[in-house]
Amino acid sequence: MTETTDTTDTTAAADSDAVSHLEQEGEIAADYLEGLLDIADLDGDIDMDVEADRAAVSIISDGSGRDLQKLVGRDGEVMEALQELTRLAVHRETGDRSRLMLDVAGYRARKREELAELGGKAAQEAKGSGEPVKLRPMTPFERKVVHDAVKAAGLRSESEGEEPQRCVVVLP
C-alpha cells in the first residue's frame with residue numbers, strides 16, 4: 001500500500017510542478033505582452049490560465065476592443081505572429097520550448113466555436129453520404145479543433161497535404 005501512496009504523491013508533485021511551470025510561462029508572457037501594449041499605446045488587460053497542459057494568455061479590452069483588432073490582423077495572422085514572439089520571449093527566460101496559446105479580444109475563442117461547428121457538420125455530411133469530406137486548408141490550431149470535433153462526433157479524420165495547403169479529411 002505504501003508503494004501506491006508514494007506513486008500517487010510523486011504524480012501529484014509532478015502535476016503541481018507542471019502547473020507551476022505553466023503559470024510561470026503565463027507570467028513571463030503577460031509581462032512581455034504588457035510591454036508591447038505600452039509601446040503600441042493600446043489598452044488591454046491580460047488574463048492568464050492553464051488549459052489542456054498549456055499556458056493560455058488572453059488580451060482583453062474593457063471597451064469596444066477595436067484597437068485590439070490591430071493585434072488580431074487579417075484571419076488572425078498578426079495574433080499568430082505575436083504568439084510566436086511571445087513564445088520566444090518565454091523560451092529566452094526559461095530555456096524551455098513553450099506551447100503557449102494567445103487569444104486577442106476573444107478571436108481564438110470565437111474561431112474555436114466556428115471550427116467545432118464546421119467539424120460537426122462535416123462529420124454529419126460524411127456519415128450521411130458515406131464519402132470522405134475534404135475541408136479547406138487550415139492552420140495547425142484550426143485542424144486540431146476540427147479533429148477534436150470529428151472525434152467527438154464518433155468519426156475519424158486525418159490531415160493531408162503540405163503546409164500551408166494542409167487540410168482535414170473527415171472519414172465516414
The reported gap from CG in L118 to NZ in K111 (rounded to nearest 0.5 angstrom) is 9.5 Å
Shortest non-hydrogen contact between G44 and I59, atoms and distance: CA-CG2, 4.4 Å
Main chain of Y107, side chain of D103: is a donor-acceptor contact present, judged purely on distance under 3.5 Å? yes
Let me confirm one number: the CZ-OG distance from R92 to S98, rounded to the nearest 0.5 Å. 12.5 Å
Check residues 160-172 and write down every donor-acceptor pair under 3.5 Å in which the side-chain atom is one partner and the other belongs to a residue at least two apart or another chain.
unit_1 : atom_1 : unit_2 : atom_2 : d
E160   : OE2    : K134   : NZ     : 3.3
E163   : OE2    : R143   : NH1    : 3.1
E163   : OE2    : R143   : NH2    : 2.8
R166   : NH1    : G161   : O      : 2.7

Run the salt-bridge test on R54 and E51 with the 4.0 Å N-O cut-off and return the result as yes or no. no
For A30 against I46, the heavy-atom pair lying closest together: CB-CG2, 3.6 Å
Pair H147, S157: side-chain N/O donor-acceptor within cut-off below 3.5 Å: yes
Nearest 0.5 Å, what's the NE2-CD distance between H21 and Q24? 6.5 Å
Other residues, nucleotides and ligands only: do more than 12 of their heavy atoms fall within 6.0 Å of CZ on R156? no
For L155 and A123 the tightest heavy-atom approach is CD1-O, 3.2 Å
Are side-chain heavy atoms of E142 and L135 found at a separation under 4.5 Å? no
Taking M138 as the starting point, is it possible to reach F141 by hopping between hydrophobic residues whose side chains are less than 4.5 Å apart? yes
Taken to the nearest 0.5 Å, the spacing of M79 CE from Q69 CD works out to 10.0 Å
Please examine the side chains of E93 and Y32, heavy atoms only from C-beta on, and report whether any two atoms are closer than 4.5 Å. no
So among I28, D38, V57, which one has a side chain to side chain contact (heavy atoms under 4.5 Å, CB included) with L33? V57
To the nearest 0.5 Å, tell me how far Q83 CD sits from M101 CE. 5.0 Å
Does one hydrophobic cluster hold both V72 and L85, with members joined at side-chain heavy-atom distances below 4.5 Å? yes
More than 12 non-hydrogen atoms from neighbouring residues, nucleotides or ligands closer than 6.0 Å to CZ on R136, yes or no? yes
Indicate yes or no: at least one non-hydrogen side-chain atom of T139 is less than 4.5 angstrom from one of D75. no
Using side-chain heavy atoms (C-beta onward) and a distance below 4.5 Å, is L82 in contact with L36? yes
Straight-line distance of S61 OG to D45 CG, nearest 0.5 Å: 8.0 Å
Of all heavy-atom pairs linking M48 and G26, the shortest is SD-O, 3.0 Å
Stepwise salt bridge (Lys or Arg N to Asp or Glu O under 4.0 Å) test for E113 and R110: CA-CA 5 Å; E113 287 176 21; R110 286 188 303 276; over 6 Å; no
Hey, any chance L102 and L37 share a hydrophobic cluster, counting ILVMFWY side chains that come within less than 4.5 Å of each other, even indirectly? yes
Any pair with a residue in residues 115-132 that passes side-chain hydrogen bond (donor to acceptor under 3.5 Å, both in side chains), sequence neighbours left out, goes on the list, sorted by first then second residue, please. E117-K121
Of all heavy-atom pairs between T86 and A29, which one has the smallest distance, and what is that distance? CG2-CB, 3.4 Å
Is the shortest side-chain heavy-atom distance between V50 and E23 below 4.5 Å? yes
For A116 and A149, work out which heavy atoms get closest and say how close. O-CB, 3.5 Å
Indicate yes or no for a side-chain donor-acceptor contact from D67 to the backbone of L42 under 3.5 Å, with no hydrogens or angles considered. no
